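Here is the structure we will look at.
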Amino acid sequence: MKLYNFFNSSTSYRVRIALALKGLHYEYVPVNLRAGEQRDSGYRALSPAGIVPTLVDGDIRLTQSLAIIDYLDQVHPLPRMVPEAIDLRIRAVEIAQTIACEIHPINNLRVLNYLTTELGIGADAKTGWYAHWVKEGLAAVETMLASASSGVYCVGDSPTVADCCLIPQVANALRMGCDIDKFSRIRKIYEHCTALPAFIAAAPQSQPDFIG
Ligand SMILES: N[C@@H](CCC(=O)N[C@@H](CS)C(=O)NCC(=O)O)C(=O)O
């Protein structure tokens, strides 16, 4: 398996967590987002949208982090990222999609770049935009965690796709200087998960293309 990804990409980080939890080995192929390599024609042949991550597994070529995690669950079922039990499954997918559909897309690199280059928005306003949507989205997740009976994971007693999405999103938010102090359930999960070997192996600073 090859994973085309970037150390600092939260969507790549989601997939790296799932791969690490499943104990799967893969070839790390860096795509430097800062240098715009995601827009190169060669890479676009793999990812028509010009985004990371892309997984290549034999004849399978797949983009979209949640689709990749679903694929990994199909071909390497244990441990499952999307739980089988219906009560856990619905909550895990709900939380994952809240992050993947409501927070990440409007704070993505190309959206932030468009705000500054095309709409003439200044750096402070751009940071404010990012912080606003993170706060709104994480507040919703914090509420969902109450009904998911979360503990040290978003749902149940092992990591799921929800944690694969939450940890990178929180890491990103902290890197951007967002205050997450009031989200106590999220903080508890973040502190627990980021100390686990699989999450440490998947973290940006553990990657071969890491730039400090
Ligand atoms: N929904 C996609 C989003 C992928 C995505 O937007 N990745 C970002 C990095 S986190 C990217 O490649 N951005 C490139 C850009 O904005 O130019 C997924 O979950 O894989």
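In this text the structure is predicted, and so the values were computed from the model without any measurement. We count ligands from 1, going down the list as the structure has it; atoms in each ligand are counted the same way.
- Between Tyr4 and Tyr43, the ring planes are tilted. Angles from 30° to 60° get that label.
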Could you pull out all donor-acceptor pairs under 3.5 Å where a side-chain atom in residues 156-163 meets a protein atom, sequence neighbours excluded?
{"residue": "Thr160", "atom": "OG1", "partner": "Ala162", "partner atom": "N", "Å": "3.2"}
{"residue": "Asp163", "atom": "OD1", "partner": "Cys154", "partner atom": "N", "Å": "2.9"}
{"residue": "Asp163", "atom": "OD2", "partner": "Thr160", "partner atom": "N", "Å": "2.9"}

Could you give the N/O to N/O pairs under 3.5 Å linking ligand 1 and the protein, each with its distance?
{"residue": "ligand 1", "atom": "1 (N)", "partner": "Gln64", "partner atom": "OE1", "Å": "2.7"}
{"residue": "ligand 1", "atom": "6 (O)", "partner": "Asn108", "partner atom": "ND2", "Å": "2.6"}
{"residue": "ligand 1", "atom": "7 (N)", "partner": "Thr11", "partner atom": "OG1", "Å": "3.2"}
{"residue": "ligand 1", "atom": "7 (N)", "partner": "Val52", "partner atom": "O", "Å": "2.8"}
{"residue": "ligand 1", "atom": "12 (O)", "partner": "Val52", "partner atom": "N", "Å": "2.9"}
{"residue": "ligand 1", "atom": "13 (N)", "partner": "Asn108", "partner atom": "OD1", "Å": "3.3"}
{"residue": "ligand 1", "atom": "16 (O)", "partner": "Arg110", "partner atom": "N", "Å": "2.8"}
{"residue": "ligand 1", "atom": "17 (O)", "partner": "Gln38", "partner atom": "NE2", "Å": "2.8"}
{"residue": "ligand 1", "atom": "19 (O)", "partner": "Arg14", "partner atom": "NH1", "Å": "3.3"}
{"residue": "ligand 1", "atom": "19 (O)", "partner": "Ser65", "partner atom": "N", "Å": "3.3"}
{"residue": "ligand 1", "atom": "19 (O)", "partner": "Ser65", "partner atom": "OG", "Å": "2.7"}
{"residue": "ligand 1", "atom": "20 (O)", "partner": "Ser65", "partner atom": "N", "Å": "2.8"}

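- The neighbour count for Gln74 CD, taken as heavy atoms of other residues, nucleotides or ligands under 6.0 Å away, is above 12.
- Both Met176 and Ile211 are part of a single hydrophobic cluster, where members link through side-chain heavy atoms under 4.5 Å apart.
- For Lys22 and Asp73, the salt-bridge test passes: some basic side-chain N is under 4.0 Å from an acidic carboxylate O.
- At a threshold of 4.5 Å between non-hydrogen side-chain atoms, the residues Tyr71 and Ile60 count as touching.
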